[in-house]
Every structure is written in structure tokens, then in C-alpha cells.
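Not measured: the values here are computed from a predicted model.
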Amino acid sequence: QTSRAPAISVSAESCIPAGLRLGPVPGTFKLGKYLSDRKEPGPKKKVFSYAVPPVFLQVRMVRGELVDEAGSSALEWIGLIRAARNSQEQTLEAVADLPGGQIFYRALRDVQPGEELTVWYSNPLAQWFDIPVTATPTHDEKGEERYICWYCWRTFKYPNSLKAHVHFHCALSHGRPFLHHDH
């Protein structure tokens, strides 16, 4: 999640039980920095090369640990898991044992074979990183839900795209926390 890589889809090859923790997440944690409203379509095949990361990766449980097809542990591919655009597509949440501690991903529910793994911040971790916790939708002229940045008025289709924009990209927010209708 720290660079603009080709669309990566990490999916479960076998059931991942609710509550399973993966990690710790290596490197600088910037979940959502490159999140957009578009879900980049990626080919549904397995590609392994030393020069190019896989564009589709399946993981499975082996002796209680999640591994990819090559048997690599989560530390080698956990950073490829995409940020969830909303709670409906979210299967994992980012958590930390203590504020400022190591970050792990935890399965929110049983993840079924074939489901893509997607992650977003737990509420306490979002607050720690000053990521907006909520976003209230409005409706456009066609009646479709939209999320509006109260600083620059840019619109988004998904709440987490707005939250990431406010935290990482909005030049007008100047690092201020997200404002809501009632503020």
C-alpha cells in the first residue's frame, strides 16, 4: 500500500476463520494512501515472476498459518492486500495492540474461499492515525450516494475513498480532522 503497483487481488483459497490475526504489517503503514473509487480489474490468473509481483494471489491455511501458493508467510504478501472502499467489501481490519505498537490485520468474519481480502482501519487505529472514522453520504441529482470533502468539495462514491483523501491528499484540510454536517 505504499506505492502505485499494478492491481493486486489477494483472495482466500480456503476458509479464513473470524478473528485470525495476520502480521505484523511490515514497513511504513499508509493504508489507503492510493485508494480510489475505482476497483482496478486484474486478471484472474496466477502470475509469478522475479521481476513482477503477482497480479492475483491466493492464500490458504497451512498448520494454522496463512501462506500463499509458494508457501510464503503473510509477511511477504500482506502489504499487497487492497484497502476496502466501504464496510460491505471489507474482510479484515487493521489493529494494533497498543497505540503506536505493531499493526496486524484481523479477520472480521469467516472469509470464504474465492473472496478477496480487503482491509480498513479499526476505529481505535483510525483515531490514532487521525483518519476520519465516519463519513455521511449525500445524494446527487440521480439519487446516488456520494461523499463530499467538506474542505475542497471533491465528491467520492465510497466513504473510505473520502477518508483517505482527507487524510492523505486534500490540500485544503491542512491536517485538520474531518468535519461532519453537525460541526
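Formation of a donor-acceptor pair under 3.5 Å by the Lys163 side chain with backbone atoms of Val133 is found in this model. Of the possible donor and acceptor atoms, one in the side chain of His169 sits under 3.5 Å from a partner among the backbone N and O of Lys33. Side-chain atoms of Asn86 do not come within 3.5 Å of backbone N or O of Pro159 as any donor-acceptor pair.
Evaluation of the side-chain contact (heavy atoms from CB on, under 4.5 Å) rule for Arg109 yields Thr91, Glu115 as partners, not counting sequence neighbours. For Glu89, the salt bridge (Lys or Arg N to Asp or Glu O under 4.0 Å) partners at least two apart in sequence or on another chain are Arg85.
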Residues Asp140, Lys157; criterion salt bridge (charged side-chain N to carboxylate O under 4.0 Å, His left out); working and verdict: CA-CA 10 Å; Asp140 64 15; Lys157 186 175 180 181; over 6 Å; no
Stepwise side-chain contact (heavy atoms from CB on, under 4.5 Å) test for Glu145 and His139: CA-CA 5 Å; Glu145 274 192 354; His139 293 84; 3.6 Å; yes
Candidate pair His165 and Cys152, rule side-chain contact (heavy atoms from CB on, under 4.5 Å), full reasoning: CA-CA 10 Å; His165 162 78; Cys152 70; 3.3 Å; yes
Working for side-chain contact (heavy atoms from CB on, under 4.5 Å), residues Val166 and Cys149: CA-CA 7 Å; Val166 169; Cys149 176; 4.1 Å; yes
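Linking ILVMFWY side-chain heavy atoms closer than 4.5 Å, directly or via other members, places Ile81 and Val25 in a single hydrophobic cluster. Residues Val95 and Leu20 do not share a hydrophobic cluster, defined by chaining ILVMFWY side chains whose heavy atoms lie under 4.5 Å apart. Under a hydrophobic clustering in which Ile, Leu, Val, Met, Phe, Trp and Tyr are joined whenever their side-chain heavy atoms come within less than 4.5 Å, directly or via other members, Tyr105 and Leu125 fall into the same cluster. In the hydrophobic clustering of this structure, Tyr158 does not group with Leu108; members are Ile, Leu, Val, Met, Phe, Trp, Tyr whose side-chain heavy atoms approach within less than 4.5 Å, directly or through other members. Note: the hydrophobic cluster containing Trp120 also contains Leu22 (ILVMFWY, side chain heavy atoms under 4.5 Å, direct or indirect links).
One distance of note links CD1 of Ile131 with CG of Leu31; it measures 8.0 Å at 0.5 Å rounding. Atom CD1 of residue Ile148 and atom OG1 of residue Thr155 lie 7.0 Å apart, to the nearest 0.5 angstrom. Rounding to the nearest 0.5 Å gives a distance of 11.5 Å between CZ of Arg38 and OG of Ser161. Interatomic distance, CG of Leu80 versus CZ of Arg82, reported as 11.0 Å (0.5 Å rounding). In this structure, CG on Asp110 lies 4.5 Å from SG on Cys15, to the nearest 0.5 angstrom. Atoms OG and CD1, on Ser11 and Ile16 in that order, are 8.5 Å from each other to the nearest 0.5 Å.
Annotation: side chain of Ile78 is in contact with side chain of Pro26 (closest heavy-atom distance under 4.5 Å).
Electrostatic pairing of Arg146 and Asp37 does not count as a salt bridge here, judged by no charged N lying under 4.0 Å from a carboxylate O.
Considering every non-hydrogen atom in both Tyr147 and Ala135, the closest pair reads CE2-O, 3.5 Å. What you find for Asn160 and Ala84 is that their closest heavy atoms are ND2-O, 2.8 Å. Between Ala83 and Leu35, the closest heavy-atom pair is O-CD1, 3.6 Å. Nearest heavy-atom pair across Ala126 and Tyr121 is CB-CB, 3.8 Å. Closest approach of Leu92 to Ala107, counting heavy atoms only: CD2-CA, 3.6 Å. Ala96 and Gly101 make their closest contact through CB-O, 4.2 Å (heavy atoms, listed as atom of the first residue, atom of the second, distance).
Aromatic pair Phe129/His167: ring centres not closer than 6.0 Å.
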